[in-house]
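Comments concern the structure below.
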Amino acid sequence: MLTRQDRYPVAKSCAVVGLARSSFYHEQRADDEQDLRRAIETIIREFPTYGSRRVTAQLRRAERRVNRKRVQRLMRQMGLVRRKKQQACPTTQSRHDYPRYPNLVEDLSVGAPDQVWVSDLT
C-alpha cells in the first residue's frame, strides 16, 4: 500500500505550491521573548549602566543563546537604551608656568628632504 508521501513526495508538492522544501520542514521555535525580557530587566536592575553588549555577555554567561541585535531590539522596545558617553574633547593647555623653548628652525630655509627633523617631546 502506498503512503501519502510515496504518492506525493515533498519535493514535488513544494514545487507545485512554489515553496522551498526547507520551509516545509521548518519548525517554529517556542517564543521565549517574555522570559528574555525578564532576564534583561533583572540584569539592568543589578547593573544599571550596562548597554546591550554587556547585557548580552551576562546572558551568555547564564548559558542563554542570544544575539546582541535581538537584545538591543528588546532593550529599545523596553526603553532601556543607554545614552552614549560624550567623548572628552582634548585641547592644548597653553596657560602654564613651564618655560617655552625657542623655535630654532624658524628662520631656516629648507631646500631638500631630510634637511630638518623636528620633534615635540613631552
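Throughout, residue positions are numbered sequentially from 1 according to the sequence presented.
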Would you compute the distance between atom [atom1] of [X] and atom [atom2] of [Y] and round it to the nearest 0.5 angstrom?
{"X": "L19", "Y": "H26", "atom1": "CG", "atom2": "NE2", "answer": "11.5 Å"}
{"X": "R61", "Y": "Q58", "atom1": "CZ", "atom2": "CD", "answer": "4.5 Å"}
{"X": "R37", "Y": "E41", "atom1": "CZ", "atom2": "CD", "answer": "8.5 Å"}
{"X": "I40", "Y": "T56", "atom1": "CD1", "atom2": "OG1", "answer": "7.5 Å"}
{"X": "R70", "Y": "R65", "atom1": "CZ", "atom2": "CZ", "answer": "11.5 Å"}
{"X": "I44", "Y": "M75", "atom1": "CD1", "atom2": "CE", "answer": "4.0 Å"}

*Are V105 and V110 linked, directly or through other ILVMFWY residues, by side chains that come within less than 4.5 angstrom of each other?*
yes
*Cluster link I43 to V81, ILVMFWY, side chain under 4.5 Å*: no
*Does atom CZ of R53 have more than 12 heavy-atom neighbours from other groups under 6.0 Å away?*
no
_Within 6.0 Å of CZ in R21, more than 12 heavy atoms from elsewhere_ = no
Give the minimum heavy-atom separation between [X] and [Y], together with the two atoms involved.
{"X": "A20", "Y": "C14", "value": "O-SG, 4.2 Å"}
{"X": "R60", "Y": "V66", "value": "NH2-O, 2.9 Å"}
{"X": "V71", "Y": "S52", "value": "CG1-O, 4.1 Å"}

*Output, in order, the C-alpha distance, side-chain angles, deciding distance and verdict of side chain to side chain contact (heavy atoms under 4.5 Å, CB included) for Y8 and V16.*
CA-CA 11 Å; Y8 305 107; V16 168; over 6 Å; no
*asked:* Could you check whether any side-chain heavy atom of V17 comes within less than 4.5 Å of a side-chain heavy atom of F24, counting everything from C-beta outward?
replied: no
*Under 30°, 30 to 60°, or over 60°: which ring-plane class applies to F47 and Y50, parallel, tilted or perpendicular?*
parallel
